[in-house]
Amino acid sequence: KVCVLSCGISTGLGATINVARPPKGSTVAIFGLGAVGLAAAEGARISGASRIIGIDLNPNRFEEAKKFGCTEFINPKDHDKPVQQVLADMTNGGVDRSVECTGNIHAMIQAFECVHDGWGVAVLVGVPHKDAEFKTHPMNFLNERTLKGTFFGNYKPRTDLPNVVEMYMKK
């Protein structure tokens, strides 16, 4: 169990807690509900997010994701419009934070474009294909959206992992 903390869990948890830093009561979108995404959702729950929206192409993951704090779900295949528009409609303009955990370049762009103008922060976690290109309209930056990336959730293994293990041991 502790081995998982050294990569997947720490990466997702840290991406939310250390990088996205959702304020209490905020809305967070998690793209990808594998191990890293579930840990990112747990980070949003621990941070006090009031809405945690899980996005995944596999609806079989939704039930398990509830245990990690997800309150709502989107399967992009169920919609005729882009996920970022679905999220904007659901949240009156966009989510406060998003965490992308797929490595899919389209999900990365969606994660950035779904955050709210003025204060939204998107964190990219997944590793894209080496030839992938991130393309978005420059107005997304001018409208004061923030794009961040992280490796290992901004944890320093030697000094920070004992705290993650301690959190796990305390359930």
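The shown structure was predicted, so the numbers you read here are calculated from the model rather than taken from an experiment.
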Just how far is it from atom OG of Ser98 to atom NE2 of His116, taken to the nearest 0.5 Å? 13.5 Å

When you measure from the side chain of Thr16 to the backbone of Ala40, do you find a donor-acceptor pair of N or O atoms at a distance under 3.5 Å? yes

Is it true that Val86 and Ile109 fall in one hydrophobic cluster, defined by side-chain heavy atoms closer than 4.5 Å? no

Contacts of Lys77 that satisfy salt bridge (charged side-chain N to carboxylate O under 4.0 Å, His left out) - sequence neighbours left out: none

In short, Asn75 meets Leu57 closest at the heavy-atom pair ND2-O, 3.4 Å

Hey, could you give me each pair passing salt bridge (Lys or Arg N to Asp or Glu O under 4.0 Å) that has a residue in residues 87-106? Not counting sequence neighbours. Lys81-Asp89

Residues forming a salt bridge (charged side-chain N to carboxylate O under 4.0 Å, His left out) with Lys148, sequence neighbours excluded: none

Residue pairs involving residues 28-74 (criterion ring pair (Phe, Tyr, Trp, His ring centres under 6.0 Å); sequence neighbours excluded): Phe62-Phe73

Assess the residue pair Val99 and Val125 against the criterion (side chain to side chain contact (heavy atoms under 4.5 Å, CB included)); give the C-alpha distance rounded to whole Å, side-chain angles, the decisive distance to 0.1 Å, and a yes or no. CA-CA 7 Å; Val99 183; Val125 177; 3.8 Å; yes

Donor-acceptor pair, distance only, cut-off 3.5 Å: does the side chain of Thr71 make one with the backbone of Ile52? yes

side-chain hydrogen bond (donor to acceptor under 3.5 Å, both in side chains): which pairs involve residues 20-36, sequence neighbours left out? none

Do you know the tightest heavy-atom contact between Gly149 and Val19? O-CG1, 4.5 Å

So how far is it from Gln85 CD to Asp80 CG, rounded to the nearest 0.5 Å? 12.5 Å

Apart from Leu142 itself, residues in the same hydrophobic cluster as defined by side-chain heavy atoms under 4.5 Å: Met139

Cluster link Ile55 to Leu33, ILVMFWY, side chain under 4.5 Å: no

Under a single-linkage definition using a 4.5 Å side-chain heavy-atom cutoff for Ile, Leu, Val, Met, Phe, Trp and Tyr, are Val115 and Met90 assigned to the same hydrophobic cluster? yes

With clusters defined by side-chain heavy atoms of hydrophobic residues (ILVMFWY) lying less than 4.5 Å apart, directly or transitively, does Ile105 cluster with Leu147? yes

Could you report the tightest heavy-atom contact between Ala41 and Cys70, atom names first, then the distance? CB-SG, 3.9 Å

Nearest heavy-atom approach of Ala111 to Ala122 is O-CB, 3.5 Å

For residues 74-107, pull every pair meeting ring pair (Phe, Tyr, Trp, His ring centres under 6.0 Å), keeping only residues two or more places apart or in separate chains. none

Which atom pair, heavy atoms only, marks the closest approach of Leu87 to Ala29? CD1-CB, 4.2 Å

From CA spacing to verdict: side chain to side chain contact (heavy atoms under 4.5 Å, CB included), Ile17, Ser47: CA-CA 7 Å; Ile17 292 174; Ser47 297; 4.0 Å; yes

Thr102 side chain to Asn104 main-chain N or O, any donor-acceptor pair under 3.5 Å? yes

Tell me, please, which residues at least two apart from Thr136 pass side-chain contact (heavy atoms from CB on, under 4.5 Å). Phe112, Glu113, Phe134, Asn140, Phe141

Other residues, nucleotides and ligands only: do more than 12 of their heavy atoms fall within 6.0 Å of CG on Asp78? yes

Taking only residues at least two apart or on different chains, which pairs with a member in residues 48-65 satisfy salt bridge (Lys or Arg N to Asp or Glu O under 4.0 Å)? Arg51-Glu72, Asp56-Arg61, Glu63-Lys66, Glu64-Lys67

Are Val28 and Ile53 connected, step by step, through hydrophobic side chains (Ile, Leu, Val, Met, Phe, Trp, Tyr) whose heavy atoms are closer than 4.5 Å? no

So salt bridge (Lys or Arg N to Asp or Glu O under 4.0 Å) across residues 118-138, not counting sequence neighbours, yields Glu133-Lys135

